[in-house]
There are 2 protein chains.
Amino acid sequence: MTTPAGDRAPERLRTTPSWLLTRLADHAAHLAREAFTAAGAGRYHYALLVTLVEGGPASQATLGRRCGIDRSDVVAALNELVARGHVERRPDPADRRRNVVTVTPAGREQTERTGKALDEVQERLLAPLDAADRRHLTDLLTRLLRHHAPGRL
Amino acid sequence: MTTPAGDRAPERLRTTPSWLLTRLADHAAHLAREAFTAAGAGRYHYALLVTLVEGGPASQATLGRRCGIDRSDVVAALNELVARGHVERRPDPADRRRNVVTVTPAGREQTERTGKALDEVQERLLAPLDAADRRHLTDLLTRLLRHHAPGRL
DNA sequence: CTCCAACGTTGGTTCAACCAACTTTTTCGG
DNA sequence: CCGAAAAAGTTGGTTGAACCAACGTTGGAG
């Protein structure tokens, strides 16, 4: 056999950044998903909680805009967060279209716990990179994202 | 007005590599999908075609392994490629479990066309990066992928 | 010869992302 | 001031990518 492990991806794919990106992101998402479900949450739940903890109470639309989640998906995720007692949702007295969403102490606890699990995931994900390379990678990704999603980053 | 620029993602998300990765990959996938559908193909179709062009005729299972596509998804994509006359699928006389998949001239043509469209996508995706940074990014992604998907890269 | 592995195929499931439509409420232009 | 436009929350979908289980056929190893 010319190739003992004959299952390598072709050069044309291996050198295409968007292919590398989507492949790696898929792997990262898989790792993150493990951590999330182990912590009893989902991506959306964590993103929303973090946004609330960091930015304080907000309306659902604002939350969605801040973490890039569709309004309808925000509804579903918040329903679950409310059911678990991690956030509270009440009508905004100042604008009766809106709901004001607030984190509960249990929600902060959950956020911190999930955050730690997620940190371990980053460690595993970036294992082969030293500190400088990690910073460089984050910098490159940030610059690209900033270019393609101006205003949100 | 705690937030003057109201829709920025929270720091905690912005500094999480896996979040940056999945976000950017999503954007890259979106760009790529535009190019693919404009060229009348899908990701899977292009990946399979490229793999065939570069590695020559192969069985469906080998193709799937080479480009990281599930066997069942290979079947569906090949059905469409056969229908469009881009590949030929015939039983392997040497091993009657397998099919031998071969690119047609039309398939090569389609591959090249789609490849060019995809190159333009890479250009748009990496627009804010100079040549050195692009190489660095590709290098970092490759190292990470190699670490997490040994044998396939 | 038997048992197990590999292959192709069918028919699903899951998750993230998105979109359309509707109701209520606010805002804004004339 | 009033009517149109916009924003908010909600419901109910659709799509694409990835994956998984099962089955019949075939090949190969013991």
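All chains are named by letter (A, B, ...) in the order of the sequence lines, taking the proteins before the strands, and each is independently numbered beginning at 1.
The shortest distance between the side-chain N/O atoms of B:R89 and the OP1/OP2 oxygens of C:dT9 is below 4.0 Å. Side-chain nitrogen and oxygen atoms of A:Q60 include at least one within less than 4.0 Å of the OP1 or OP2 phosphate oxygen of D:dT10. Applying the 4.0 Å criterion to OP1 and OP2 of C:dC15, one finds that A:Y44 has every side-chain N and O outside that range. The phosphate of D:dA18 (OP1 or OP2) has no side-chain N or O of A:R33 nearer than 4.0 angstrom. Close to C:dT9, at under 4.0 Å from its OP1 or OP2, lies a side-chain N or O of B:N99. Checking the phosphate oxygens (OP1, OP2) of D:dA17, no side-chain nitrogen or oxygen of A:R23 falls inside 4.0 Å.
The neighbour count for B:E54 CD, taken as heavy atoms of other residues, nucleotides or ligands under 6.0 Å away, is above 12. Around the CD atom of B:E34, the shell of radius 6.0 Å holds more than 12 heavy atoms that belong to other residues, nucleotides or ligands.
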Note to self: Applying salt bridge (charged side-chain N to carboxylate O under 4.0 Å, His left out) to B:R98 and B:D95, what does each step give before you reach the verdict?
What the structure shows: CA-CA 6 Å; B:R98 304 183 188 180; B:D95 184 342; 3.2 Å; yes

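Looking at heavy-atom distances under 4.0 Å, A:R96 makes contact with sugar-phosphate atoms alone, never a base. Contacts of A:S59 with the nucleic acid, taken as non-hydrogen atoms under 4.0 Å apart, involve only primed sugar atoms and P, OP1 or OP2.
Nearest-nucleotide positions on DNA chain C place B:V100 closer to the 5' end than the other of B:V100 and A:S72. Positionally, the nearest nucleotide of DNA chain D for A:A61 lies more toward the 5' end than for the other of A:T22 and A:A61.
The distance from atom CD1 of B:I69 to atom P of D:dA18 is 8 Å, rounded to the nearest whole Å. Remark: P of D:dG28 and CG of B:D95 are 6 Å apart, rounded to the nearest angstrom. Rounded to whole Å, the distance from CZ on A:R97 to C1' on D:dA6 is 8 Å. In this structure, CZ of B:R71 is placed 11 Å from P of D:dC20, rounded to the nearest angstrom. Regarding A:D26, its CG atom lies at a distance of 11 Å from the C1' atom of C:dC15, rounded to whole Å. Between A:E80 atom CD and C:dC15 atom C1' there is a gap of 12 Å when expressed in whole angstrom units. C:dG11 atom P lies 16 Å from atom CG of B:D70, rounded to whole Å. Spacing between atom CG of A:D73 and atom C1' of D:dG9 amounts to 13 Å, rounded to whole angstrom units.
Relative orientation of the B:F36 and B:Y46 rings is tilted, given thresholds of 30° and 60° on the angle between their planes.
A donor-acceptor pair under 3.5 Å is absent between the side-chain atoms of B:Q60 and the main chain of B:V75, judged by distance alone.
For B:R98, the side-chain atoms get nearest to C:dC7 when compared with the rest of D:dC19, D:dG12, C:dC7.
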